[in-house]
2 protein chains.
Amino acid sequence: MFRNQLARASIRSTSSINQIRNMITAQAVVYAQHGEPKDVLKTHKYEIDDDNLDSNSIIVKTLGSPVNPSDINQIQGVYPSKPEKTTELGSSEPIAVCGNEGLFEIVKVGKNVSNFKEGDWCVPSAVNMGTWRTHMLCGSEEMTKIPNPEQSKANGKPNGLSINQGATISVNPLTAYLMLTHYVKLTPGKDWFIQNGGNSAVGKYATQISNLLGINSISVVRDRENLQELIKDLTEECGATKVITEEQNASKEFGSEIKSWLKETGGEIKLALNCVGGKNSTGIARKLSNNGLMLTYGGMSMQPVILPTSLHIFKNITSSGFWVTQLLKNDMELKRKTLNQIIEWYENGQLKDAPSKETKFNSNDDLSKYYIDGIVNSKGGKQLIVY
Amino acid sequence: MFRNQLARASIRSTSSINQIRNMITAQAVVYAQHGEPKDVLKTHKYEIDDDNLDSNSIIVKTLGSPVNPSDINQIQGVYPSKPEKTTELGSSEPIAVCGNEGLFEIVKVGKNVSNFKEGDWCVPSAVNMGTWRTHMLCGSEEMTKIPNPEQSKANGKPNGLSINQGATISVNPLTAYLMLTHYVKLTPGKDWFIQNGGNSAVGKYATQISNLLGINSISVVRDRENLQELIKDLTEECGATKVITEEQNASKEFGSEIKSWLKETGGEIKLALNCVGGKNSTGIARKLSNNGLMLTYGGMSMQPVILPTSLHIFKNITSSGFWVTQLLKNDMELKRKTLNQIIEWYENGQLKDAPSKETKFNSNDDLSKYYIDGIVNSKGGKQLIVY
């Protein structure tokens, strides 16, 4: 269990001290009680004493942290993974800092810290670190290094990571990569996976990554006015093998079309990725070959997963869940390996990040307002606060 | 692939020969086309020449073979596992012999056969052998020996197997035992499994077997007028730990009652067995502990398996299918081991078989009539034709 609040250095609430030295003034978006974000979020200001840094601790400043749906659910109290509330930031009542994903830059390192130096970039090693804040004091093992743009260039890579790539690397790209690689062996050039939510952020990462791995993909999307444009985009920009509509996926007749695609490659649909649920999950499960696996990582339709009995008994289809938080909780090696692969693709320009709507924080402002607005605006796309 | 029709000995259709020697006259219930049993089943008569038995072959006579739902579905053509049609029994058109389960007695063995002698009992090693017939000529490896009553007694066992026990040993008891033991490690005295269809044949075997293994059970049954009588029967006769109704299983309030049971044993509900589907499958899946497994082996409600997304993602519940035919197809060792355990419990009087309605075949009659009647009467309980 990582507990950044335990890092041994002076943290004092700004309200409780007379500022006599040049400390770092930090802001964090916190809640003391669960509830609707606009009702419970507030800004907590505190000082980090960078002159008395513990030998194994580091101080980081935030470069960017996004608003993820799970962050909102965590504030509402309906998410199974929750940060502990604490008074260690000098608050009068126990509080938790919001946010799970983010990109940080090292400001100062304790004298025994060997894995970081000033200017390095890093992401949280685990969830529940509280990334919606301007600065953080934490143990050096609580952060995982990723290359900053100068380091990438020095290393001969064509590109450095953008703030958005670094700040959103920990959830969606890892989810897509791990679902495609950690459970089922898909033979490049032959085998297929099928997914619904093909136009979602994870869906697009999965399409791009499968293309990089040589795996064929079938993405199911909702029918829409600009369908042909979307198909063109997913095919040309993400490397989708096939894009079909929910209606085609539900149609028995269309099944023979899909079978002809499989015949061409000599492979099977061994994996289905479900983030929709309901009859849409049934539709992709039906396309699986014998002994296939469906991984559910979301439920956008708010409908449960529905699986015909015969798929279980006679086709030996298995239905499981995927939660990146749980999978990587106790497997830092897998996280490091997966991060490295995503970073390499970003550096080589082979993988495109899902764009975020970026809002620049002005340090004279109150930080919580940015995230409260970000939550409201989330419906229109991913929001990223940059610092 | 076992193909009893390939056993090398003369088989001739009775219509095509002049009977000049004392051959065995056999009857088999066959179909040439799929369809409703009453329309497509007929009796095929043929002779087995027991004077010219191949050195590795055996001739068996049938002691009993039941009508299983899967046998009916196989005739209708809606079951995924099907026998091949052949003319090797001397028919003018390709036919398949019905039936998958049965008990047989060795009548004669080829001179190289060492695993059987006359009078031994046996069951088919695999499915699709065609057990609805009076006699069978097959390779010795196509049958698996089980002790006849004299052998059990000579071995110091208190009981020999009954015809019903032997003729129905291959599907339901193996299904119950393998679902309880092959997938999840349940700690005796602590852990639990939950099942719907608690009053079904497999359900009662599962209850008895879990009791013999020291595993706690929760059986969900439909509410009924004589509920208390059923609960008493399942508890006293089968050793059920707890029996609850579907309404209790669906009720949130009842969940705390179940939690108190778990607390008493210090165990978890790690396994759910589903033969109903629909909301009934959701109900038992919700009772599973984190990382639990639900195995679906039937769908009596004709509704699909329904799993809330959160059970998959946040509780890591897995939903899979169980089909004894497929599991044991290529694992004779597991089949032998499982059979031995069931036989031992029968011999010791520790396990009770599900009763069948037995009808004695009169060899002057036409055999297909018995099974056509048996199919009709199946709705009132399992039918067994004894010879």
Side-chain angles (χ1 to χ4, degrees), chain A residues 69-70 73-74 78-82 171 175 179 183 196-197 202 272-283 285-286 288 290-327 329, chain B residues 69-70 73-74 78-82 171 175 179 183 196-197 202 272-283 285-286 288 290-327 329:
Chain A
S70 54
N73 293 338
Q74 215 169 39
V78 296
Y79 198 67
S81 166
K82 294 187 179 81
V171 178
T175 292
M179 289 195 299
Y183 299 88
N196 53 33
V202 172
L273 306 182
N274 167 46
C275 66
V276 179
K279 63 183 184 199
N280 226 299
S281 60
T282 315
R286 280 193 196 284
L288 284 168
N290 284 0
N291 310 311
L293 172 70
M294 180 160 78
L295 289 173
T296 289
Y297 67 98
M300 290 197 292
S301 72
M302 309 298 278
Q303 297 295 309
V305 174
I306 301 175
L307 283 163
T309 301
S310 60
L311 290 189
H312 267 329
I313 301 180
F314 300 126
K315 291 189 71 183
N316 197 30
I317 301 304
T318 295
S319 176
S320 295
F322 180 88
W323 189 19
V324 69
T325 299
Q326 189 60 31
L327 178 64
K329 199 172 184 178
Chain B
S70 54
N73 293 338
Q74 214 170 40
V78 297
Y79 198 68
S81 166
K82 294 187 180 80
V171 179
T175 293
M179 289 196 298
Y183 299 89
N196 54 32
V202 172
L273 306 182
N274 167 47
C275 66
V276 179
K279 63 183 185 200
N280 226 301
S281 60
T282 316
R286 280 193 198 284
L288 283 168
N290 284 0
N291 310 312
L293 172 70
M294 180 159 79
L295 289 174
T296 289
Y297 68 98
M300 289 195 292
S301 72
M302 308 296 280
Q303 297 295 310
V305 174
I306 301 175
L307 282 163
T309 301
S310 60
L311 290 190
H312 267 329
I313 301 179
F314 300 127
K315 290 190 72 182
N316 198 30
I317 300 305
T318 295
S319 177
S320 296
F322 181 88
W323 190 19
V324 70
T325 299
Q326 190 59 31
L327 178 63
K329 198 172 184 177

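Chain letters run A, B, ... following the sequence lines, proteins first, then strands; residues in each count from 1.
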**Prompt:** Is there a donor-acceptor contact under 3.5 Å from the side chain of A:Lys315 to the main chain of A:Ser310?
**Reply:** no
**Winner by heavy-atom pair count (cut-off under 4.5 Å) against chain B, out of A:Asn274, A:Val305, A:Leu311** = A:Val305
**Message:** Holding to side chain to side chain donor-acceptor pair (under 3.5 Å), I want the full list of residues that pass it with A:Asn291, two or more places apart in sequence or in another chain.
**Reply:** A:Asn316
**Asked** So do A:Ser320 and A:Tyr183 actually touch side chain to side chain, heavy atoms under 4.5 Å?
**Response** no
**By side chain to side chain donor-acceptor pair (under 3.5 Å) - contacts of B:Ser70 (at least two apart)** = none
**Item:** Beyond-backbone contact of A:Ser81 with B:Phe314, side-chain heavy atoms, under 4.5 angstrom
**Value:** no
**Request:** Please examine the side chains of A:Lys329 and A:Thr325, heavy atoms only from C-beta on, and report whether any two atoms are closer than 4.5 Å.
**Result:** no
**Proximal component of A:Ile317, with respect to chain B [non-hydrogen, under 4.5 Å]** = backbone
**Item:** Heavy-atom contacts under 4.5 Å, residues 293-302 of chain A to chain B
**Value:** A:Thr296, A:Tyr297, A:Gly298, A:Gly299
**Fill in**
Hits for side chain to side chain donor-acceptor pair (under 3.5 Å) against A:Thr282, two or more places apart or cross-chain, chain-then-number order -> none
